[in-house]
Amino acid sequence: MTTNTTPALAQLDLVARHWTDLHQLRTARPHDAWPPASLQAYLRTVEEYDPSDRSAPVRLHVIDTIRTVELVLIPLADRIAARVQRPVINAATGKGWSDDLHRQAALLSARDSADPARWQYTGTRTGQHAAQWLAARLRQRPGPFRPLNLREVEEIQHVAAGAAERVEHALGIRRRTVGTGHICGCGGELFLEGGDGRPPTLVCDACNHAFTLADAAA
């Protein structure tokens, strides 16, 4: 396996790390809209932005993010586990619990079934658990598994990227770039960068001149 798994690992770790933040944000006070209203007024921004960023309550947007991420990560973990996870050891002798060999085999099977490294198809199944389990498979952590093949790694990479992007967007930690439809003095188009908590910046795609909202409002 020669593919670079570092980006997917970072994306899965991001989902797992911020899962509690997502749940806390469900009932938190909405963050500032993006793009910022003051900049919209200054630029008379055209209706090119995602309406949910300006009008939909953040709580609903976050709930949708949680559900969507779980709808892709949990089934992915199910599929990967079905291929790479070894079945639980079953060495029962059929002689009953009074038989020492049978008892030891039953205990071995129970321990194997309860191995915390195993992906479980029942019980607590969250986006965070799925992200952590998938990341462990990419890291080739020990457990009742065979190594991932290239196809499985690529499948995880594809899903991890989308999941991380949704989480970053919901939490406002992903810097985005959108066209404004306004023209710089050099004739290039002005693009707005922001949405990650840092001051928004206007950047010309031709001369690369950049200035912040504070500069624009001055």
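Computed over heavy atoms, backbone and side chain alike; hydrogens, waters and symmetry mates excluded. The chain is numbered in sequence order, starting from 1.
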Find out whether [X] and [Y] are in side-chain contact, i.e. whether some heavy atom of one side chain is under 4.5 Å from a heavy atom of the other.
X: Q157; Y: L138; value: no
X: T126; Y: W19; value: yes
X: Q132; Y: Q128; value: yes
X: E154; Y: L150; value: yes
X: L190; Y: I183; value: no
X: R83; Y: R146; value: yes

For the side chain of [X] and the backbone of [Y], is there at least one donor-acceptor N/O pair under 3.5 Å apart?
X: D112; Y: I89; result: yes
X: R137; Y: R141; result: yes
X: R26; Y: V62; result: no
X: T65; Y: H61; result: yes
X: R166; Y: T68; result: no

According to a 4.5 Å side-chain heavy-atom criterion applied to Ile, Leu, Val, Met, Phe, Trp and Tyr, with indirect links allowed, do [X] and [Y] form part of one hydrophobic cluster?
X: L134; Y: Y121; value: yes
X: V153; Y: L9; value: yes
X: I74; Y: V72; value: yes

Between T20 and H23, do the side chains contain a donor N or O and an acceptor N or O under 3.5 Å apart?
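Short answer, no.
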Looking only at heavy atoms, which two atoms of [X] and [Y] are closest? And how far apart?
X: R17; Y: D21; result: O-OD2, 4.1 Å
X: L73; Y: A131; result: CD1-CB, 4.1 Å
X: A8; Y: A160; result: O-CB, 4.1 Å
X: A164; Y: L14; result: O-CD2, 4.0 Å
X: C204; Y: C184; result: SG-CB, 3.6 Å
X: R118; Y: P144; result: CG-CG, 3.6 Å

Going through the checks in order, is the side chain to side chain contact (heavy atoms under 4.5 Å, CB included) test met by R125 and D78?
CA-CA 10 Å; R125 289 156 54 83; D78 285 342; 2.8 Å; yes
Around R151, counting heavy atoms of other residues, nucleotides and ligands shown, do more than 12 lie under 6.0 Å from its CZ?
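No - once you tally the heavy atoms of other residues, nucleotides and ligands closer than 6.0 Å, there are 12 at most.
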Nearest 0.5 Å, please: how far is CD in Q24 from CG in L171?
10.0 Å
Cation-pi check, R86 onto F145 ring (under 6.0 Å, within 45° of axis):
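Cation-pi check for R86 and F145: fails.
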Classify the ring geometry between W119 and W133 as parallel (under 30°), tilted (30 to 60°) or perpendicular (over 60°).
tilted
Audit row: V15, L22, side chain to side chain contact (heavy atoms under 4.5 Å, CB included) steps and yes/no
CA-CA 9 Å; V15 172; L22 280 176; over 6 Å; no
Inspect the contact between R79 and E152 and indicate whether a charged nitrogen and a carboxylate oxygen are less than 4.0 angstrom apart.
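No, no charged N to carboxylate O under 4.0 Å.
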